[in-house]
Amino acid sequence: MKTSDFNVPTEGDATVQLQAALDAAAGGLLEWEPGHYTHGRLYPRDGTTVIESGGVHHHKRASTGGLLYMQNVAGIRWMANGATYHGEDAPGSTSFGHTIYANGTTDCELDGLIVDGASPGKDCLYIGLGLSSTPNHRLKVRRGKHLRSKRNGISVVGGFNTLIEDVEAAYSTGGPGAGIDVEANLYGKVGNTTIRRAYAHHNVGSGIINSFGVGTLVDDCDTHDNGAYGVGISSGAGQVFAEGVYRKHIDMMGVTGFGMATGEVFVSALPPVGTPVFFNLRNGALRPPELGGTYWIVSRHASASSIILGKAVRHGEVTSFSHPGAGVMAFDPADSDVRLAAFVSGQSDRGEIRRSRAYRNAQHGFIVTGAGDARIVEDCEARDNLGYSQVWLGYSRDMDVDRLHVSGQGLGLVGQHGGGRFRLRRSSFEKTGGRAVAMSFWTGAEIRSNDFLDCARSEASSNKAALHLSSILRPVADDNRITHGADNTTALYGVLADATCVGGTFTNNDCTGAGTSNANALRVPAGSVCSNNTGRDGLPC
């Protein structure tokens, strides 16, 4: 069946005829013949295959809320083969929408669409919830371009096992202005999203971001020249902490009081030790001034109903207050004006960045914040990004970084305020302007088998080291290679662990050529376990 069988007009509104063609082809095949088509929303039916070509152009009629609208349908294969969906609105439009919708679909595929433009504040492709808040299942988006959106090139708001592969997402404006944004607005509605071989560039925001999506994989992607960062895994947006969305006593706890003499925060439930948290205040409520700032870590459980907060587990704890806070404090977070929101399991867990490259972005190349069990692995590269660090990791639980390659201005990798495990292995840092790695306030950092090559030439702080550790509980640094160029007189230290690092182990580190003296090649606190390390002069130290 072909569109020409339905007397589709070449000028004016063709919505009725095109919808008739889709209805007649339901469950079968429809060939879309070359031409320019002006229409409103089109609704494909279950099991339909549509074949287009690069000679097909779709244009919006006035006040069109999307050109293609798939909702609660199954088995659709839309093979565009380079057909273009022009997302700019017709003159005189008063209602608007995303250019393409996929809401609550099952086993559908969008292949080869070129989506160019969107309504103000809207996406090129919106992957959302269908009727009864049904997420998409096994949606495939392949071999397309999503350009010049007014929000995000692609938004994944509701979907399980979504595949986005071999796509370009570029030139997005507005907010958040990402190339691809995986963002759950409701708890548990986005999981196992795979973004593979995506090319996200020149977006006003970031290249690829994940917020509250669980199990997101970014694999073999390039992100560059974006206005914020390249790839981010975070819990920084969405509606998970909004009224009526958060899980009581899981994501949001009521605060019932503050222990003035003990530093206890009395809460309606105990987040696990190591959980990053922040205060959510309403109606002019106040917390004790000692708990200012943005994020804290659950350092320990003080009782069956109270916690002690710190900058990391057993580090930077607040153990007394000068003021009890103000506002309604209640067990039920719906009633309390002082609440504690927690980055717990089920929000942004199991995010992974694999074999991907981030360069020339205005801030960081890679960022992970407010996440759990995240990984940056298998030859990822961050270089020449323009922020204060190439990679920023913070307020997260359990991080693995393996075979990361970093170079460029500013610091290499910054890790701050984390709980659980942190592992940095088999990675290389070359000619970073500041410190190659700066870790502070984390529990159990393991730095193993890495290369630090001539870093910290432009380090502005007094901690002019390739590897700097501060306020780390039981740090381990072994089998690392650290060296500086002979003309690099700025980098005073190879490895510098300050006195706040407790119970550290430093073994088998080759610091030949590092620092300004043998003593500065490896500077660690007294009481640390040290063995088989090599100093600046190549001799054991």
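Computed from a predicted structure; not experimentally measured.
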Checking [Y] against [X]: is there a side-chain donor and acceptor pair closer than 3.5 Å?
X      : Y      : value
Gln19  : His39  : no
His36  : His59  : yes
Asp123 : Ser149 : no
Asn81  : Glu52  : no
Ser427 : Arg403 : no
Asp379 : His405 : yes

- Message: Please verify the inter-ring angle class for Phe452 with Phe429; under 30° counts as parallel, over 60° as perpendicular, anything in between as tilted.
- Response: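 Parallel, since the angle between the ring planes stays under 30°.
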- Between His57 and His86, how do the two ring planes meet: parallel, tilted or perpendicular, split at 30° and 60°?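 Geometry flag for His86 against His57: parallel rings.
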- Message: Is it true that, when you exclude Glu11 itself, more than 12 heavy atoms of the residues, nucleotides or ligands shown sit nearer than 6.0 Å to its CD?
- Response: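 No - once you tally the heavy atoms of other residues, nucleotides and ligands closer than 6.0 Å, there are 12 at most.
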- Query: More than 12 heavy atoms of other residues, nucleotides or ligands under 6.0 Å from NZ of Lys150: is that the case?
  - Reply: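 Above 12, so yes.
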Minimum heavy-atom separation for [X] to [Y], with atom names?
X      : Y      : answer
Met79  : Glu109 : CE-OE2, 4.2 Å
Cys124 : Ala118 : N-CB, 4.1 Å
Asn152 : Gly177 : OD1-N, 3.5 Å
Asp251 : Gln347 : OD1-NE2, 2.7 Å
Gly213 : Val182 : CA-CG1, 4.5 Å
Ser356 : Asp219 : OG-C, 3.8 Å

What I'd like to find out is whether the side chain of [X] reaches to under 4.5 Å of the side chain of [Y], using heavy atoms alone.
X      : Y      : answer
Glu381 : Phe366 : no
Val141 : Ile127 : yes
Leu113 : Leu125 : no
Glu352 : Val377 : yes

- Would you check, one step at a time, whether the test side chain to side chain donor-acceptor pair (under 3.5 Å) holds for Ser348 with Ser235? CA-CA 6 Å; Ser348 299; Ser235 299; 2.7 Å; yes
- Message: Quick check with a 6.0 Å cut-off and a 45 degree axis cone: is Arg41 positioned over the face of Tyr101's six-membered ring?
- Response: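 Yes; both conditions hold, so Arg41 lies above the ring face of Tyr101.
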- Arg138 NZ/CZ over Phe160 ring centroid, <6.0 Å and within 45° of normal: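 No, a cation-pi geometry is absent between Arg138 and Phe160.
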- Query: Can you tell which of Val391, Ile233, Thr223 makes a side chain to side chain contact (heavy atoms under 4.5 Å, CB included) with Ile353?
  - Reply: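 Testing Ile353 for a side chain to side chain contact (heavy atoms under 4.5 Å, CB included) against Val391, Ile233, Thr223 leaves exactly one candidate, Ile233.
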